[in-house]
Amino acid sequence: REYLVVDDTAKQTSERYRVASENVTALTNELKGVQDELDALRDELEAKTGSMMDASPVVAVKQALQDLRDDIKRLEVRIGVVQSSLWQQRLRERKATTVLRSIQNRQAD
């Protein structure tokens, strides 16, 4: 009789172990799914924050703007030099025209 009680207790314990083991397996699978989802969300968040924190495009744009400003300054200087040369040439031509007219007027008299 004592054997039957111990055997019954062992069967109950085995059944409880089996049920608990199934629960542990189910919860482990659920945990793995949640961890996979969490990892995917972390990767997505890291990709988004990484691109927001990456300042290299901003630095490149700032450098390009500075290069454009420098080019504009150089071109303005060149334009000034060309304008000055043109004005000097015009003055020389006017002087020459005036001198020629003066000579022609003297010869005509």
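Taking CG from Leu68 and CD from Gln63, the interatomic distance works out to 10.0 Å, rounded to the nearest 0.5 Å. Here the CD-CG distance, from Gln12 to Asp7, works out to 10.5 Å after rounding to the nearest 0.5 Å. Taken from CG in Leu86 to CG in Leu91, the straight-line distance is 11.0 Å, to the nearest 0.5 Å. In this structure, Arg94 CZ and Arg101 CZ are separated by 11.0 Å, a value rounded to the nearest 0.5 Å. The NZ atom of Lys62 lies 14.0 Å from the CG atom of Asp67; values are rounded to the nearest 0.5 Å.
Side-chain atoms of Asp8 never come within 3.5 Å of backbone atoms of Leu4 as a donor-acceptor pair (strictly under, hydrogens ignored). Between the side chain of Ser102 and the backbone N or O of Thr98 there is no donor-acceptor pair closer than 3.5 Å. A side-chain donor-acceptor contact under 3.5 Å links Thr97 to the backbone of Glu93.
Using a 4.0 Å cut-off between charged side-chain N and carboxylate O, Glu46 and Arg42 make no salt bridge. In this structure, Glu15 does not pair ionically with Lys11, as no charged nitrogen and carboxylate oxygen lie closer than 4.0 Å. Looking at Arg74 and Asp70, no side-chain N of the basic residue comes within less than 4.0 Å of a carboxylate O on the acidic one, giving no salt bridge.
No more than 12 heavy atoms of other residues, nucleotides or ligands lie within 6.0 Å of CD in Glu37, so this atom counts as exposed by the packing criterion. Around CD of Glu30, the count of heavy atoms belonging to other residues, nucleotides or ligands within 6.0 Å does not exceed 12.
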* Do Arg69 and Gln66 pass the side chain to side chain contact (heavy atoms under 4.5 Å, CB included) test, and can you show the C-alpha distance, the side-chain angles, and the key distance before you say yes or no? -> CA-CA 5 Å; Arg69 286 186 194 110; Gln66 187 60 46; 3.6 Å; yes

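Residues Leu41 and Leu45 fail the side-chain proximity criterion, which asks for heavy atoms closer than 4.5 Å.
Residues Gln35 and Asp39 have side chains that never bring a donor and an acceptor to within less than 3.5 angstrom of each other.
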